[in-house]
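Below: one structure, written as C-alpha cells.
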Amino acid sequence: QVQLVESGGGLVQAGGSLTLACEGFGRIDRLVQRAWYRQAPGNQRDLVAAHTAGGSTNYADSVKGRFTISRDYNINTLYLQMNSLKSEDTAVYYCNARDGWGNEYWGQGTQVTVSS
C-alpha cells in the first residue's frame, strides 16, 4: 500500500508562483510513475505532469515552460513548481502514483486558486 500526502496549495495572484509537495509513505519502492493531476469545477481530472522511475518527465501542453515536476528520492517527495500562474490554473491538484502491478493511488487533493 501507498499513501500520498499533499501540501502547498493556496491563493496566489496571477503571475505568481507556488510549489506543491507530495510525500509518499509505504511501498514507494514499487512505484513506476508519480504524477500531478488537476480538476477544475465541472471538468474532468487531467494530467498536469508526470515523472517516471527512470527519470523522464512529461507535461500537459498548457503548463509547458511554466511548471516543473521533480522528485526527491531521499525523502520520498514529489514536487510541482508552478510559475507564471494564470487564472485557468485554478483547480484542485491531486498527487498520483502507479506501481508495477497497475495499482493507482491518489492524495487527498490541495486547492490552488489564482486570482486575476
For the residue pair Ala91 and Arg38, what are the closest heavy atoms and their distance? CB-CB, 3.9 Å
Given 3.5 Å as the limit, does a donor-acceptor pair link the side chain of Thr110 with the main chain of Ser7, or not? no
Indicate, with yes or no, if Tyr59 and Tyr37 share a hydrophobic cluster defined by side-chain heavy-atom contacts under 4.5 Å among Ile, Leu, Val, Met, Phe, Trp and Tyr. no
What's the spacing between Leu18 CG and Gln81 CD if we round to 0.5 Å? 8.5 Å
Does the distance from a Lys or Arg side-chain N to an Asp or Glu carboxylate O, for Asp89 and Lys86, drop under 4.0 Å? no
In terms of heavy-atom contacts, Cys95 and Arg34 come closest through SG-NH2, 4.2 Å
So, Arg30 side chain and Gly26 main chain: donor-acceptor pair closer than 3.5 Å or not? no
List the atom of Val48, the atom of Val63, and the distance in Å for their closest heavy-atom pair. O-CG2, 3.6 Å
Heavy-atom pair of closest approach, residues Val2 and Leu4: CG1-CD2, 3.9 Å
Could you walk me through whether Asp99 and Arg27 pass the side chain to side chain contact (heavy atoms under 4.5 Å, CB included) check? CA-CA 9 Å; Asp99 65 23; Arg27 296 306 305 265; over 6 Å; no
Tell me whether the rings of Trp106 and Tyr94 are parallel (<30°), tilted (30 to 60°) or perpendicular (>60°). perpendicular
Would you check, one step at a time, whether the test side chain to side chain contact (heavy atoms under 4.5 Å, CB included) holds for Trp36 with Glu6? CA-CA 10 Å; Trp36 289 98; Glu6 299 133 341; 4.1 Å; yes
As an exercise, state the distance from CG of Leu80 to CZ of Phe67, rounded to the nearest 0.5 Å. 6.0 Å
What are the two closest non-hydrogen atoms of Ile69 and Ala35, and how far apart are they? CD1-CA, 4.3 Å
Locate the shortest heavy-atom distance separating Ala53 from Arg71; write the atom from each residue and the value. CA-NH1, 4.3 Å
Working note: Asn58 + Leu47, criterion side chain to side chain contact (heavy atoms under 4.5 Å, CB included); need CA distance, chi angles, decisive distance, verdict. CA-CA 10 Å; Asn58 62 281; Leu47 177 69; 3.7 Å; yes
Rounded to the nearest 0.5 Å, what separation is found between the CD atom of Glu23 and the OH atom of Tyr79? 8.5 Å
When hydrophobic residues are tied together by side-chain contacts of less than 4.5 Å, even through go-betweens, does Ile28 share a cluster with Leu78? no
Dump the intermediate steps for side chain to side chain contact (heavy atoms under 4.5 Å, CB included) on Asn96 and Glu104, then the final yes or no. CA-CA 7 Å; Asn96 169 273; Glu104 199 164 22; 3.0 Å; yes
If only side-chain N and O atoms count, and only distance matters, is there a donor-acceptor pair under 3.5 Å linking Gln33 with Thr52? no
From OG (Ser116) to CG (Leu85), nearest 0.5 Å: 12.5 Å
